[in-house]
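Okay, so here's the structure we're looking at.
This is a predicted model, so every value here is computed, not measured.
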Amino acid sequence: THLDLARAMASNALGEIRSFMNELRQGSTDSFYLEAELAALARSHEGVVELRQSGTRVDPGQALSSCLVRVAQEAVRNAIRHGRASAVQV
């Protein structure tokens, strides 16, 4: 039923959020570069994802960079999976 599907999706989303929050709390010891990770995201979906950059470059820091990459990854995944997008701009 639709209710079962909604429950399963909510449970999955909650699991992903918990996993992400644990990762943020622990902090990664690896250097995390926002630009490089977004470029890798675009390359991993070559022909579908286009990366556009504008404005002044700033260093948002490791935690925020990680969060922004995760949001971009999820948005791209949702656009492709649920929206059946053939082109996505990040």
(Q) Ignoring hydrogens, what is the shortest heavy-atom contact between V48 and A85? Give both atom names and the distance. (A) CG1-O, 4.2 Å
**Q.** Heavy-atom pair of closest approach, residues A72 and L38
**A.** CB-CD2, 3.7 Å
(Q) Set out, in order, the CA-CA distance, both residues' side-chain angles and the distance that settles side chain to side chain contact (heavy atoms under 4.5 Å, CB included) for R70 and L68, then state yes or no. (A) CA-CA 5 Å; R70 299 284 186 207; L68 291 171; over 6 Å; no
Q.
So V90 and E50, do their side chains get closer than 4.5 Å, heavy atoms only?
A. no
Q: With rounding to the nearest 0.5 Å, note down the distance linking CD in Q73 to NE2 in H45.
A: 8.0 Å
Q. Which is it for L34 and V69 under the side chain to side chain contact (heavy atoms under 4.5 Å, CB included) test, yes or no, and what are the steps along the way?
A. CA-CA 7 Å; L34 178 61; V69 169; 3.6 Å; yes
(Q) Are there over 12 heavy-atom neighbours, none belonging to E46, within less than 6.0 Å of that residue's CD? (A) no
(Q) Count I, L, V, M, F, W, Y as connected when their side-chain heavy atoms are under 4.5 Å apart, and connections chain through other members. Are V71 and V88 then in the same cluster? (A) no
Q. Does the salt bridge (charged side-chain N to carboxylate O under 4.0 Å, His left out) test come out yes or no for R77 and E16, once each step is laid out?
A. CA-CA 13 Å; R77 183 171 51 172; E16 288 182 23; 3.1 Å; yes
